[in-house]
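Since the structure comes first, as structure tokens, the remarks are kept for the end.
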Amino acid sequence: MSLSVRLRHRFPDIALDVEFAVPDPGVTVLFGPSGAGKSSIIAAVAGLLRTDAARIEVGGTPLADTGSGLWLPPEKRRVGLVFQDARLFPHMSVETNLRYGLRRAPQGPIRLDTVVDLLGIRALLPRRPRTLSGGERQRVAIGRALLAQPRLLLMDEPLASLDASRKAEIMPYLTQLKTDLRLPVLYVTHAPDEVAQLADWVVLVESGRVVGHGPVSEIAARADLPFAQRDDAGALLLAEIAESDGRRALTRLVAGGASFWVPLLDGPIGTRHRIRIPAREIILATRAPEAISLHNVVPGRVRRIAPEGPRRSVLVEIGLPDGALLSRVTIDAIARLGLGEGAEVLALIKSTSIEVLPG
Amino acid sequence: MLSPEEWEAVRLTLEVAARAVGFGLPLAIVTAWLLARTRFPGRPVLNALVHLPLVLPPVVTGWLLLILFGVRGPIGTLLFDWFGIRLVFTTAGASLACAVMTFPVMVRAIRLSLEGLDPGLEQAARSLGAGRLDRLFTVTLPLASPGILVGAVVAYATCLGEFGAVITFAANIPGETQTLPLAIYAALQVPGGEAKAAQLSLVSFTLAVIGLLLSELLGRRLNRRLGR
């Protein structure tokens, strides 16, 4: 068990009562609306918020256990923290900022040079924080947290204060970091695109409670959970390149136990990607159509049909051998096709409507 | 232009002020930190005590010091018996009177800058493994340094003009406790001393202006270093 958290706390306006456990190191995203208690969870794991009851364990090391009176102070937890505002020390250069945690940490595997190159901040080392752009600051803050050799990295909406282009500038570094350093990360956001690109595991938080948690592909396809109750709901699958056909300019990805053709991708066979298929882009059929431009006719079985009241539509969860798709159709379509739970169905997906994200 | 005794008064004034700020400042930092960052039962009392010299007539403060630190006073006796230190009517005594009088100014300036600090930076330092003292010396105090500097400079400048408490506690002894304001007062007591008083006043005025300019300059440089 890489990370397990159990917290109870009474705030004046909200009661926090959460419990979740994440099996592997990787990125766990706490997702939910603002005010749901996500940041309080982060603060408690960091040791900055003392909750009424807490049991927090990282990689087998207990950080807090109010049952036995254990409460490590933040400086003893070795938990890296990246805030929405970078919180760099204004009276130190970028390099001194980076070394602040390094100097105080026990010998660890994360080296200054590695981090500096990974985050592309070598040119910034002699500069002062105030001369940096928002995106640069945030990269330095991430580097500083990493160099403290943390057991766990906490990121509280690290991209929320950045505009779209700055966000796009940092995102590749975050995905890189995820693959290069096998470090458990607890990441707070309310932005679905960050979940799609970064999450391995998702914990859905609403009004102080966990309303669902699991691997990202499972949570994204759950029509009954809040993560899917958005206009741009869609399934998220972990994919691998199975074959590429240069002549037809197509690549076949295997995901969820099914095949998906997408426009040609670079990279050898076995390259990992994530694919996101928006629910509104999937057409359902009970018989395969002929003479059609479509490449992807994916067979599956209806797992759940969840009505979406305000949109006068339904979300259909389609079970694949190892995963699920999500399709948004009208109530009438369900009736016409005679679909019910357990029915066999074909998901028709244009190859160009499959979004391919870095793995 | 100035006679040797007058130069002596200038030197003494600078020395008294330096000693007052030198000894008072660390204590003022601790007090400001206690008032800004901690909650304890005696806090309002400490706060009132610190500010007392600001509202009491300086003569009363000097007289209270005389009672406490006088040769037969409770603290004065202890100091003399244990360390052989006598404060009344000495340069050290004049410094003590100055320090007490300017203590509220220092505490106030430092406390304000401590309260103005972003607590997020200290949280960040904590999460990076810095303990309490470590944080204090690497983050809190450096960031509060403009406030500390302002406190010190204002206190120093105030010391240069401190009169009531000094003359009450340390008396008016040339070369020993006679600082500039006391020397000016003494000059005015003597018939025909106006010229001398004017000269000394001019010196006082110059010192004050230099002090203000210096604090402005240092403050600006510090703020630039802090990235503001």
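Looking at A:Leu81, both its backbone and its side chain come within 4.5 Å of chain B, counting heavy atoms on both sides. Heavy atoms closer than 4.5 Å to chain B are found nowhere in A:Leu147, neither backbone nor side chain.
Other residues, nucleotides and ligands contribute only 12 or fewer heavy atoms inside 6.0 Å of the CZ atom of B:Arg132. Heavy atoms of other residues, nucleotides or ligands lying less than 6.0 angstrom from CZ of B:Arg37 number more than 12. For B:Phe137, the CZ atom is loosely surrounded, since the number of other residues' heavy atoms within 6.0 Å does not exceed 12. Residue A:Arg6 places its CZ atom among more than 12 non-hydrogen atoms of other residues, nucleotides or ligands, all under 6.0 Å distant. For B:Arg220, the CZ atom is loosely surrounded, since the number of other residues' heavy atoms within 6.0 Å does not exceed 12. The number of heavy atoms from other shown groups lying within 6.0 Å of CH2 (B:Trp63) does not exceed 12. In B:Arg221, the CZ atom is not crowded: 12 or fewer heavy atoms of neighbouring residues, nucleotides or ligands sit closer than 6.0 Å.
Contact count versus chain B (heavy atoms, under 4.5 Å) is highest, among A:Gly101, A:Ala148, A:Pro74, for A:Pro74. Most heavy-atom pairs under 4.5 Å with chain A: of the set B:Ser145, B:Ala125, B:Pro142, B:Gly131, this distinction falls to B:Ala125. Between chain B and the options A:Arg144, A:Met92, A:Gln149, A:Arg103, heavy-atom pairs under 4.5 Å are most frequent for A:Arg144.
Side chains of B:Ser127 and A:Leu48 form no contact here, defined as non-hydrogen atoms less than 4.5 Å apart. No side-chain heavy atom of B:Thr138 sits less than 4.5 Å from a side-chain heavy atom of A:Phe89.
Scanning both residues, A:His91 and B:Leu143, for their nearest heavy atoms gives ND1-CD2, 3.5 Å. Taking every heavy atom of both residues into account, B:Gln123 and A:Phe83 meet most closely at OE1-CE2, 4.1 Å. Of all heavy-atom pairs spanning A:Leu88 and B:Leu121, the tightest one is O-CD2, 3.3 Å. Taking every heavy atom of both residues into account, A:Glu75 and B:Ala130 meet most closely at CB-O, 3.6 Å.
Under the side-chain contact (heavy atoms from CB on, under 4.5 Å) criterion, B:Ala99 pairs with B:Ala20, not counting sequence neighbours.
For residues 26-42 of chain A, a heavy-atom distance under 4.5 Å to chain B picks out no residue at all.
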